[in-house]
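Down below is the structure, laid out as structure tokens.
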There are 2 protein chains.
Amino acid sequence: MFKPLEQADLPSRIADQVLQAIGDGLLRPGEHVTEARIAEQMGTSRAPVREALRLLESQGLIVSHPRRGFFVRSYNADELAEIYDLRECLETHNAQALVGKMTDRDLEQLEAQVELLKALGAEGRTQEQVVQDYAFHRMLCAVGGNSRILKLFDQIATELRSGIALVGRIYDDPVEIARTHDPIIAALRKKDASLIRSELHEHLRDASTHVIDIYRQWPSVPHDALPGHPF
Amino acid sequence: MFKPLEQADLPSRIADQVLQAIGDGLLRPGEHVTEARIAEQMGTSRAPVREALRLLESQGLIVSHPRRGFFVRSYNADELAEIYDLRECLETHNAQALVGKMTDRDLEQLEAQVELLKALGAEGRTQEQVVQDYAFHRMLCAVGGNSRILKLFDQIATELRSGIALVGRIYDDPVEIARTHDPIIAALRKKDASLIRSELHEHLRDASTHVIDIYRQWPSVPHDALPGHPF
DNA sequence: ATTCTGTCGATTGTCGACGATTGACACACG
DNA sequence: CGTGTGTCAATCGTCGACAATCGACAGAAT
């Protein structure tokens, strides 16, 4: 009847904006994020800004150094590799639980997801393709039924997205990338747990090395070389 | 020459105390944690208390409801099962990476850990045995080499410990429990990845069902039955 | 020239206070 | 007697201000 009209609380909205700023490259990795400046620009006090930054910190997108402040997190190749390793850990684990729980309805939907992925790739809408890619893998996690693992996946996805956003062009061949999901679908059809696992393993390892390769070419800010105040 | 004399910042110290209070059963699951009260008792203002609680929230030990405040998290059986599932996910994943990375030195140390576990069990020092149990599994994670996974394990361990602390007597046969680690060691000796995985799987599944069984007998506070202000 | 010291500006950590919102309780009404 | 409304106390969310701390910079001493 009536919409709940819930406007999110201030910290969440601030966090969203900061997150978007990071994604848009407005805030670059390693950059110092001053509480007062954001507070001023947002027309609020520092308290909610602080909470927002702490929230993002808990999600791994911001790092804080005592008495130094908050900095946009920058990932080096090793850290990216670790993240992908963890992601593989989560996805393959669920893949096993998946076999028993996946319904035919789920399988259909997953196939549809990949089709959409291909369509977006063919049209060159890479930005949406990235989102769709995560949607597919997310559903893989969701079917597993462990809300905790799903939450972790979402966190990782956010991190990777923010980290990857800076790279710009991720896929050199979007159509090819979409196609790499076919073996996974095939394995799912067979309901072969170990095959699903190995296909996912290969898929994610490829993605990992690919992203990391691109990342290496980027002049990222080493996050242990922390300048005091970059002004 | 001189000790660094680093006294942790206020929020961390507060978090430690709250954590200990939870572990000691001074704050029971589901209970409302009032900012002002803690601030008063600690002789500080509410701001650092807030930060401490948010920190604990990010670690999953506290839940917050907007405009309602912070509550000590209570786990139901399903959530415990999910946590154990995630833990199994992490440990088994590492077990695979382990085969290649584990040195003889590591293996020796792991064996020593289990021996200590047995000794503590034989002497009936269950509290320390629990800690030692985590230490063993933690090292298993550590050898894997993924700092991210290790961090997650630590978080989970903290949660489980706080959740389990309430149960009191965890092991009805401490010696038996210690012995269940032998098959894992044996598998590690063989450097058989899939065997390691299956042994860990069984070990953790046993622990899970055991803990959950005990938990079911406990009159835990259902955490969706949130009283407004419990005064 | 290099190193150490002292000062300075900027930012964080902490504080007390105010308004807003929530849940509980008592009361009127059907 | 059950239902709904109004009031109230308690607590959270937010605010502006102050002191403590940090890094940067300039100057003195060796």
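Letters go in sequence order (proteins before strands), and every chain restarts at 1.
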Practice item. Might you confirm whether atom CD of A/Gln155 has over 12 heavy atoms from other residues, nucleotides or ligands at distances under 6.0 Å? Key: yes
Practice item. Step through the shown structure and confirm whether more than 12 heavy atoms of other residues, nucleotides or ligands are within 6.0 Å of CD on B/Gln96. Key: no
**Study point:** All salt bridge (charged side-chain N to carboxylate O under 4.0 Å, His left out) counterparts of B/Asp154, not counting sequence neighbours
**Key:** B/Arg138
Point to revise | Any residue of residues 43-55 of chain B with a heavy atom less than 4.0 Å from an atom of DNA chain D | key: B/Arg46, B/Arg50
Point to revise | Contacting residues from residues 9-21 of chain A, given that a heavy atom lies under 4.0 angstrom of DNA chain D | key: A/Leu10, A/Pro11
Rounding to an integer number of Å, can you tell me how far [X] [atom1] sits from [N] [atom2]?
{"X": "B/Arg67", "N": "D/dA9", "atom1": "CZ", "atom2": "P", "result": "20 Å"}
{"X": "A/Glu57", "N": "C/dG13", "atom1": "CD", "atom2": "P", "result": "10 Å"}
{"X": "A/Glu35", "N": "C/dT14", "atom1": "CD", "atom2": "C1'", "result": "12 Å"}

**Study point:** B/His32 vs D/dC12: side-chain N/O to OP1/OP2 distance below 4.0 Å
**Key:** yes
Revision key, fill the gap. Applying ring pair (Phe, Tyr, Trp, His ring centres under 6.0 Å) to A/His93 and not counting sequence neighbours gives none
Review point. Salt bridge check: are A/Glu79 and A/Arg73 linked by an N-O gap of less than 4.0 Å?
Key: yes
**Study point:** Ring centers of B/His65, B/His32 separated by less than 6.0 Å
**Key:** no
**Study point:** Non-neighbouring partners of B/Ala39 that pass side-chain contact (heavy atoms from CB on, under 4.5 Å), sequence neighbours left out
**Key:** B/Thr44, B/Arg46, B/Val49
Study note, to complete from the structure: A/Glu123 meets the side-chain contact (heavy atoms from CB on, under 4.5 Å) criterion, sequence neighbours left out, with A/Arg125
